[in-house]
Each structure stands twice: as structure tokens, then as C-alpha cells.
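We number each residue from 1, following the sequence as shown.
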Amino acid sequence: MRRRGQLLQLAKHGLHALIALILRLEAQVRELRRQLQELKDRLALNSRNSSKPPSTDGLAKPVPKSLRRQSGRRPGGQVGHPGRTLQPVADPDHVCGHKLGRCPCGACSGRSLEHEPVLGYEKRQVFELPHQPLEITEHQAEIKRCPVSGRRVTAPFPEGVTAPAQYGPRFRAQMLYFNTQHFIPYQRLTQICQDLYGQPLSEATIAATNQRAYDRLAPFEQRVVELLPQAPVNGCDESGVRVAKHLYWLHVVSNPLLTFYGVHAKRGVEAMNEFGILPRCTHWLIHDHWKPYFTYDACLHALCNQHHLRELKFLHEEHHEDWAQDLSVFLLDCLERRKTQGVLDERPFNRVLARYRAILKEGRRRHPRQALRRAQSKAANLLDRLEDFELQVLAFTIFEEVPFTNNGAEQDIRMEKTRQKISGCFRTLHGARVFARIRSYISTCRKQGRNILEELEHALVGRPFLPSAPPAGP
């Protein structure tokens with residue numbers, strides 16, 4: 001009897017151990033499934049359904065598929081578009097006349113027209129590079145002897161003429177343009193100069209030109225920092241940049257007329273405060289859901305819906321979430337309605353808000369909100385954000401100045417990814433900041449319709465373009 005009780009006790013203990021083992025194995029299986037799904041999701045991310053740049057797609061690029069709807073218009077220039085056809089000029093540099101010696105009509109057997117009066121001219125113009133692209137000007141300063149002191153004195157040279165042989169500001173502006181706008185590295189620029197102009201160009205000359213532009217653009221940067229907080233709407237973004245093999249952050253604050261770039265070791269509030277723009281903004285800020293932006297509570301915040309469309313596309317395509325597709329269609333419908341009918345009044349906005357909440361409620365049936373903070377799926381995290389910031393998501397439907405996306409700031413910062421692909425990382429933090437200030441100037445000049453080469457030349461001689469009027473909204 002005692003033996004039987006011991007066996008039952010051992011069996012009971014073994015059963016409990018087996019149940020505990022099964023539970024542990026089930027937990028491990030759930031965790032492994034979660035990790036497997038996370039890895040599958042990561043592999044499925046690309047530039048169409050996430051914020052990853054196109055450069056990360058690799059060779060297996062996804063088939064291009066725009067998030068925008070078809071407009072029904074034919075591709076190419078639309079009716080009324082001014083076009084960019086090469087047009088003749090009124091005052092050509094050279095005129096080459098072609099005489100008509102004999103008649104080509106065929107009726108008079110090539111009769112001579114030498115003494116016939118000229119009735120007019122048919123004109124055709126050829127645009128070509130000059131044979132000698134560099135003009136060399138020699139400055140000769142007179143040397144005389146003072147009749148009183150007997151000393152030799154020399155006439156002053158023009159401002160900026162400081163060396164026996166040097167490049168002029170227009171040439172330096174072109175090298176600056178090639179390097180900072182088109183990201184051509186120093187070594188290749190020296191080759192370009194030799195091939196195009198037949199003159200040597202040292203890397204030190206390019207570096208000195210960049211430094212001169214940086215120094216003389218300080219007033220421009222100060223003016224931009226003053227004007228941006230006055231704008232009715234600004235877009236913000238940030239992206240990693242390699243500096244001396246370390247990770248730094250390139251920040252951008254911009255609108256349709258102004259651009260500011262800043263490089264900092266930090267990504268969040270410390271960097272934003274140091275630049276001194278966002279703490280003084282009291283109007284609209286458009287950005288993704290990077291939380292440090294929300295620390296500036298004097299601003300009105302709106303979220304980029306292009307980010308939402310990409311995340312919703314991923315959830316629909318990879319996880320077959322129908323509510324995600326419904327919300328994408330809803331947001332695009334709202335955008336189309338705004339284009340055709342304008343922003344909404346209170347009553348139609350309440351109907352839009354009710355539809356928005358109904359779609360999110362469908363998503364909540366699959367992903368209930370968690371009472372405690374714990375790891376959640378991408379869908380649950382997105383639903384939390386869309387519910388908690390519904391007015392920031394739909395701000396574009398009721399405020400005319402608020403854009404649907406933050407594409408302007410994203411496009412402004414995308415050039416750094418291109419620059420790193422072409423030229424690699426920055427060697428020093430100062431070099432990165434030199435690049436950022438010059439790019440701010442180039443981007444602002446382009447937005448305001450100014451000639452980039454001319455404005456770079458003006459900057460190098462100490463007369464940079466300074467924006468004067470507060471920027472208008474989009």
C-alpha cells in the first residue's frame with residue numbers, strides 16, 4: 001500500500017513536470033514564431049511600404065507602384081505647360097552670314113543672284129561652348145618712386161587679387177557648385193578641371209573655397225534661423241550621417257522658400273534646441289511621429305500621411321489587414337476631396353472623423369489596446385498612434401496651410417543619402433557643417449528662383465543673398 005502511494009506520488013510529480021515542460025515549450029514556440037514573423041516582416045520592408053530609402057532595396061527592387069491614384073491624364077507635359085524648348089536669343093555673341101550665289105529653285109538653271117537685293121534672312125542659332133573656356137586677365141599695378149621720400153610705391157590691386165596666379169570667383173563658384181550640389185569628390189574635380197580647362201586644380205584649393213563660402217554665409221544662416229519660426233508651416237526631418245566613422249545626425253527645417261541644415265551628435269531635443277529654430281516656432285510643424293518634436297508644445301503639430309500610407313500598405317500586403325487598405329483609400333479620398341472642394345467645415349469634418357474612427361475600430365477587433373506596456377505588433381502600434389493623434393493625422397482636411405505629407409522636408413534631406421553614396425562619409429565634423437551651410441544656401445536660392453552659380457559667386461566675394469520677406473505657406 002505504501003509502495004503504491006509512492007508510485008502515485010511520483011506519477012503525479014512527473015505529470016506536473018511534464019505539464020510545466022509542455023508550457024515552457026509552447027512559450028518557446030510562440031516566441032520563435034514571433035521572431036520568425038519579425039524577420040519575415042523585416043525582409044518584406046522596402047522603399048514602397050516603409051520609410052526605408054530606395055538605396056536599401058538592393059538588386060531585387062520591388063516593382064514600382066505609386067501610392068497616388070491615376071489622374072486619367074496622358075503622360076508628359078499637359079496642356080498649358082510652358083515647356084523647356086531651346087529658344088533663340090535676341091543678341092547672339094557671333095553672327096555668321098551665308099551668301100546666296102546661285103538660285104536653287106531649279107526653274108532658272110542656277111542663275112546668278114549676286115546682284116539681286118536681299119529680301120531678308122532665315123535665322124538659325126547654335127548654342128556651343130567656347131573654344132577657350134577660361135579667360136585670363138593680367139592685372140598690372142604701376143610702380144613709381146615718391147619724389148619726397150624716394151621710396152618705390154605700387155598701385156593697389158583690386159579686392160581679392162592677392163596672388164601671382166589665382167582662380168577667379170566665378171570659376172571657384174563653379175567648382176563649389178560641382179562639389180556641393182552634384183557631390184563630385186575633390187579628386188574627380190581636379191580631373192574635371194584638367195580635362196575641361198587644361199589647368200591644374202589642387203584639392204586644397206577646393207577645400208579653401210568651401211571654407212570661404214562657409215565663413216561668408218554666416219549672415220545668410222543667421223537670417224534663415226530668424227525667418228523660419230515666422231513661417232506659417234515648416235517641415236522637419238532628420239537622418240543619420242557618417243562623420244569620422246561615427247554616427248551623427250543631419251537635421252532639416254524647411255518650407256517652400258527656406259531650408260536650414262544642421263549637423264549634431266544628437267538626434268533629439270538637445271540638437272533641436274541648439275539650432276534655435278523649433279523652440280521659437282508657434283505655427284504648424286509637419287513631421288513623422290518622432291516623439292522629441294512633440295516637446296515643443298507652443299507649436300501646432302501635423303503628422304505626415306505619406307508615412308501612414310507606407311505602413312498601411314505593408315500591413316495590407318504582408319499581413320492581409322483589410323482595415324489598413326480601407327484607411328489608405330479613406331485618406332486618399334480626403335486628399336482628393338480637398339483638391340476639388342477645399343477644406344472642410346465643422347459638420348462635414350465630424351462625418352469624416354466618424355468614418356475614420358469606424359475604420360480604426362475594425363482594426364481594434366484584431367488588435368485590442370493593451371492595458372500594460374508590452375511588446376506589440378506593428379499594427380497595434382500604428383493603431384495606438386492613429387487613435388491618440390487623430391487630429392494631427394486629419395489636420396490637412398480642415399486647415400488649408402497644412403500639407404498632406406512632409407515630402408518637402410524629406411526631399412530636402414534625401415540629398416545627403418545621395419551624397420554619402422557618391423562621396424562617402426565626412427572626415428571631420430567641421431567639414432560636415434561646412435557642407436550643411438552651403439547646401440542650405442543652394443536649396444534656398446533654388447526655391448526662390450535665383451541662379452545658383454551667380455549666387456555662389458556673390459557669396460564668395462562677400463555679398464550672399466539674404467532672404468528678406470517672411471515665407472508664405474504652401
Side-chain angles (χ1 to χ4, degrees), residues 8-63 65 67 238-240 242 246-247 249 266-268 287-294 303-328 331 356-390 392-393:
L8 288 173
Q9 188 68 23
L10 288 174
K12 186 177 181 180
H13 179 73
L15 181 61
H16 286 310
L18 181 60
I19 292 174
L21 177 61
I22 291 174
L23 292 176
R24 286 199 302 272
L25 291 176
E26 286 180 344
Q28 290 180 7
V29 169
R30 285 195 300 270
E31 176 61 21
L32 290 174
R33 283 178 174 173
R34 186 192 67 80
Q35 293 181 8
L36 178 61
Q37 186 61 51
E38 184 177 330
L39 291 173
K40 286 183 176 180
D41 289 348
R42 192 175 302 175
L43 288 173
L45 292 175
N46 54 55
S47 59
R48 293 192 301 112
N49 57 23
S50 72
S51 297
K52 294 180 66 176
S55 58
T56 63
D57 289 338
L59 296 177
K61 292 183 180 292
V63 178
K65 185 177 180 182
L67 294 172
E238 72 292 325
S239 181
R242 304 298 298 182
H246 294 86
L247 177 63
W249 293 92
K266 301 294 184 180
R267 184 184 181 188
H287 51 80
D288 56 17
H289 198 262
W290 177 233
K291 288 187 177 179
Y293 290 124
F294 288 101
L303 295 178
C304 173
N305 282 297
Q306 193 69 28
H307 280 77
H308 298 146
L309 290 178
R310 288 194 289 259
E311 293 182 77
L312 293 169
K313 175 182 281 291
F314 173 81
L315 293 175
H316 175 64
E317 292 181 348
E318 302 300 328
H319 292 266
H320 311 291
E321 302 267 359
D322 292 336
W323 69 270
Q325 175 67 6
D326 292 342
L327 187 58
S328 293
L331 290 173
Y356 175 82
R357 289 173 175 173
I359 296 174
L360 296 186
K361 188 175 180 180
E362 291 295 323
R364 278 300 183 200
R365 293 179 180 177
R366 294 187 59 174
H367 308 280
R369 184 183 282 269
Q370 300 289 342
L372 300 176
R373 292 185 61 85
R374 61 181 67 180
Q376 294 190 128
S377 65
K378 288 181 177 293
N381 287 331
L382 179 59
L383 282 166
D384 287 351
R385 189 194 323 156
L386 294 173
E387 284 183 344
D388 295 341
F389 296 90
E390 59 184 12
Q392 287 82 357
V393 173

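Ring geometry, Phe294 versus Phe389: the interplanar angle falls from 30° to 60°, so the pair is classed tilted.
Relative to the six-membered ring of Trp323, Arg365 misses at least one condition, a distance below 6.0 Å or an angle of at most 45° to the axis.
In plain terms, the two heavy atoms of His367 and Ala379 that are nearest each other are NE2-CB, 3.5 Å. Leu331 and Val393 make their closest contact through CD2-CG1, 4.4 Å (heavy atoms, listed as atom of the first residue, atom of the second, distance). Pairing each heavy atom of Leu303 with each of Asp288, the nearest pair is CD2-O, 3.8 Å. Among all heavy-atom pairs drawn from Glu238 and Arg267, the shortest one is OE2-NH2, 2.9 Å. In plain terms, the two heavy atoms of Gly240 and Leu247 that are nearest each other are CA-CD1, 3.8 Å. Contact detail for His320 and Arg366: the closest heavy-atom pair is O-NH1, 3.5 Å.
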Could you go step by step and tell me if Lys378 and Asn381 meet the side-chain contact (heavy atoms from CB on, under 4.5 Å) rule? CA-CA 5 Å; Lys378 288 181 177 293; Asn381 287 331; 5.6 Å; no

Using the salt bridge (Lys or Arg N to Asp or Glu O under 4.0 Å) rule, take Glu390 and Arg357 through it: C-alpha gap first, then chi angles, then the decisive distance, then the call. CA-CA 9 Å; Glu390 59 184 12; Arg357 289 173 175 173; 2.6 Å; yes

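Within 6.0 Å of CZ on Arg33 lie no more than 12 heavy atoms contributed by other residues, nucleotides or ligands.
Considering CD1 of Ile22 and CD of Glu26, their distance stands at 7.0 Å, rounded to 0.5 Å. Here the OG-CG distance, from Ser328 to Leu315, works out to 9.0 Å after rounding to the nearest 0.5 Å. Rounded to the nearest 0.5 Å, atoms CD (Gln28) and CG (Leu23) are 11.5 Å apart. Taken to the nearest 0.5 Å, the CD atom of Gln392 stands 14.0 Å off from the SG atom of Cys304. Between Leu383 atom CG and Ile359 atom CD1 the span is 11.5 Å, to the nearest 0.5 Å. The structure places CD of Gln325 at 10.0 Å from CG of Leu327, a figure rounded to the nearest 0.5 Å.
Two residues are said to be in side-chain contact when any heavy atoms from C-beta on lie closer than 4.5 Å; His307 and Arg385 fail this criterion. For the pair Asp384 and Arg364, the minimum side-chain heavy-atom distance is below 4.5 Å.
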